[in-house]
Amino acid sequence: MTDRIKATTPPASTEISTARSAGSRAIIAIARNAFREAVRDRVLYNLVLFVLLLIAGSMFLGELSAGQESKIIVDLGLSAMLLFGVFIAIFVGVGLVYKEIERRTLYAILSKPIGRGQFLLGKYLGLGLTLLINVAIMGVGVSLALAYIHRGWDPLVLKIWPAILLIYFELMLLTGVALLFSSFSSPALSALMTFFVFIIGHFSGDLKSLASSAGNVAARALFRALYYLLPNLTHYSVITQTAHGIAPDAGAIGLAAAYTVVYSAVLLAAATLIFGRRNFK
Amino acid sequence: MKRNALLVIQIVVGLALGVALMRVMDSRQANAPAQFAEDSLYVKAATAKRMSLAFNGLAADWYWMRSLQYVGGKIVAFKDTHEGRMDFGNLADLDLRLLPSLLQMSTTLDPQFIAPYEYGATILPEINSDYAISLLETGIAANPNQWKLYQHLGYVYWQRNEYQKASEVYAAGAKIPDAPPWMAALSARMKAEGGSRDAARDVYRHLYESSSDPKVKDMVAKQLMRLDSLDHIEVLRKILAAYSEKNARCASSWLDVRNELRAARFQIDAMTNAPLDPSDTPYRLTEKGCNVDLSQYTLVPRR
């Protein structure tokens, strides 16, 4: 009898791996759904505006910039990429959870064997995929604009891609921030707070200097804590250097990638913690 | 249907009224006193850099293009009020009071942006060479390996007739690994004969060859034309003096010295027989044929 039970019951390790693969499938399904929803919401329409901006820039900058077309196209293209991406990360990001609650589809999802953390991770990855496609198409657009201006090959065509990767990392981090705020706040407030984090994230250098120059010990401690706790987005800002043909090295990109992964993991964990305590009954 | 038509009419009429109001406001602005015509940059460059977040490069480009438009607009306005004439050697007449701030803004936002330094080095000395020196010294501090900035700083000192200082700056630039050998040669020339026309020609020729900015190239090309015309005028004066000495009167027209002009290899205008200046405009006889000057229609700057 005992032997039969042993024979029919799968071993514990198999159970865990089955549960894991089911969990991964659920995350992928939610991510795919979040991506489809973004496409349905015409988020990728921003690409049209971006392309128009680049075409106009390529046509008229020669007249206005006195031989600096390539630099200005890179500045314009990558800055627009960051700006559009930030708007998508903020405005789509804050609606990821809220919309599911508003439409009551969240109840149907959570009634299935899907954890709240898995739900949030799926949403995060879905928006990440949307941003990745958005950024990749924009990158191709900037490369084509550079080739058009140069009437052929321009070394900047290759050098812009590390900067584009860093922009993508920054957007992923901001998506995590938006997701965290949206797990406990209204979309408007979440968008506002995420935007503030974006701004403060680019003032990290000032926070650091305040931490070392403030006269009060408590103020110094506060600024130092803020410097380390808030996301430091200055490490992702290499647009200006890239426009001069200086691409970030592999070490800088690797560190930025590691920072993005670690910080996003922290944000998602915090979002899961808060979201897990919410009562949807 | 009727309501929609009313709304469309409202939009069209509203837009037309908006355009009319804009035109009235523009005309009022155009009539404003000169001291109010230019708004100053109320944001300091360092503050603008902080406020620009990750977009400082784009903001620098904006201020760079604004600098070009500012100078271009002034030139157009000047030509409009001076029958299309503009002496590019005398930019002080343009009252470019905002240009130093615009260039400083652009270079503070993006210290590695070399074009505004080059542009400033060529234009700012016409307003105040201290501005140009300050801009270039900031540029050298931010880009110590850019020999072109040393070249421009040397040029500004040379324009101020500070040949010793110019020589030192060229020598410092010559020490940069990829600096061209003529930087050291220019340094030596500044020390030996900084004020000579040949030294000037060397300075302008190297500036022309090393610059990628078409506006800078244009201005330098005009200065090279001016040097050539100074050489021309010297020779022409000698020819005219020789003629008046030989004939006890000054030349009545260029025909009187046609053979001498040919011998001196001047290009001659087929209509007037006058020698042509470097911009292909005929020189004119002055002081009843005893002297020569550039024509009022020439493109050669007078200084």
Side-chain angles (χ1 to χ4, degrees), chain A residues 53 57 60-86 142 156 160 163 166-167 169-171 173-174 195-207 209-210 232-246, chain B residues 46-73 75-76 99 102-103 106-123 139 142-143 145-146 148-149 208 210-220:
Chain A
L53 191 72
F60 300 116
L61 283 177
E63 303 269 321
L64 301 171
S65 64
Q68 303 298 315
E69 299 95 324
S70 294
K71 178 199 178 317
I72 296 179
I73 275 291
V74 173
D75 279 332
L76 182 72
L78 299 191
S79 298
M81 190 184 290
L82 176 61
L83 196 66
F84 286 15
V86 166
V142 177
L156 278 174
I160 57 169
L166 288 181
I167 288 174
F169 290 157
E170 180 172 352
L171 297 178
L173 203 150
L174 269 183
F195 191 65
F196 282 152
V197 169
F198 171 69
I199 291 172
I200 295 168
H202 282 282
F203 278 102
S204 285
D206 293 278
L207 282 177
S209 57
L210 279 171
N232 186 343
L233 303 179
T234 53
H235 297 301
Y236 301 106
S237 303
V238 293
I239 296 174
T240 311
Q241 296 94 300
T242 303
H244 294 299
I246 306 163
Chain B
T47 313
K49 188 170 188 181
R50 282 190 177 166
M51 283 164 58
S52 62
L53 302 176
F55 308 106
N56 57 312
L58 190 63
D61 299 341
W62 168 257
Y63 278 105
W64 163 239
M65 287 192 282
R66 211 178 137 189
S67 310
L68 297 175
Q69 298 310 307
Y70 177 69
V71 176
I75 290 172
V76 170
L99 188 65
L102 286 169
L103 292 174
S106 181
T107 51
T108 306
L109 284 161
D110 182 357
Q112 274 73 47
F113 195 7
I114 302 299
Y117 298 119
E118 284 191 347
Y119 192 62
T122 328
I123 304 244
N143 307 276
N145 292 324
Q146 284 281 350
K148 278 187 186 178
L149 296 178
Y208 183 87
S210 63
S211 178
S212 54
D213 186 336
K215 286 192 172 13
V216 171
K217 273 185 181 290
D218 187 49
M219 291 196 66
V220 173

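None of these values were measured; they are calculated from a predicted model. So that the names make sense, note that chain A is the first sequence line, chain B the second, and so on, each numbered from 1.
A 4.5 Å side-chain heavy-atom check between Leu53(B) and Phe203(A) finds at least one atom pair inside the cut-off. The closest side-chain heavy-atom distance from Arg50(B) to Thr47(B) is not below 4.5 Å.
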Enumerate donor-acceptor pairs with a distance under 3.5 Å from any side-chain N or O in residues 113-121 of chain B to protein atoms, sequence neighbours excluded.
unit_1, atom_1, unit_2, atom_2, d
Tyr117(B), OH, Pro111(B), O, 2.9

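At a 4.5 Å heavy-atom cutoff, Leu233(A) makes no contact with chain B through either its backbone or its side chain. Residue Leu78(A) does not touch chain B at all, counting heavy-atom pairs closer than 4.5 Å.
Scanning for side-chain contact (heavy atoms from CB on, under 4.5 Å) contacts around Val86(A) gives Leu82(A), Ile90(A), Leu171(A), Leu174(A), Phe198(A), with sequence neighbours left out.
Taken from CE in Met51(B) to CG in Leu109(B), the straight-line distance is 10.5 Å, to the nearest 0.5 Å.
Not a single donor-acceptor pair under 3.5 Å links the side chain of Ser106(B) to the backbone N or O of Leu102(B).
Applying the salt bridge (charged side-chain N to carboxylate O under 4.0 Å, His left out) test to pairs two or more places apart or on separate chains, those with a residue in residues 73-85 of chain A are Lys71(A)-Asp75(A).
Of the listed residues (His244(A), Gln68(A), Glu170(A), His202(A)), the greatest number of heavy-atom pairs within a distance under 4.5 Å of chain B belongs to His244(A).
Using non-hydrogen atoms only and a strict 4.5 Å limit, the part of residues 234-243 of chain A facing chain B consists of Ser237(A), Ile239(A), Thr240(A).
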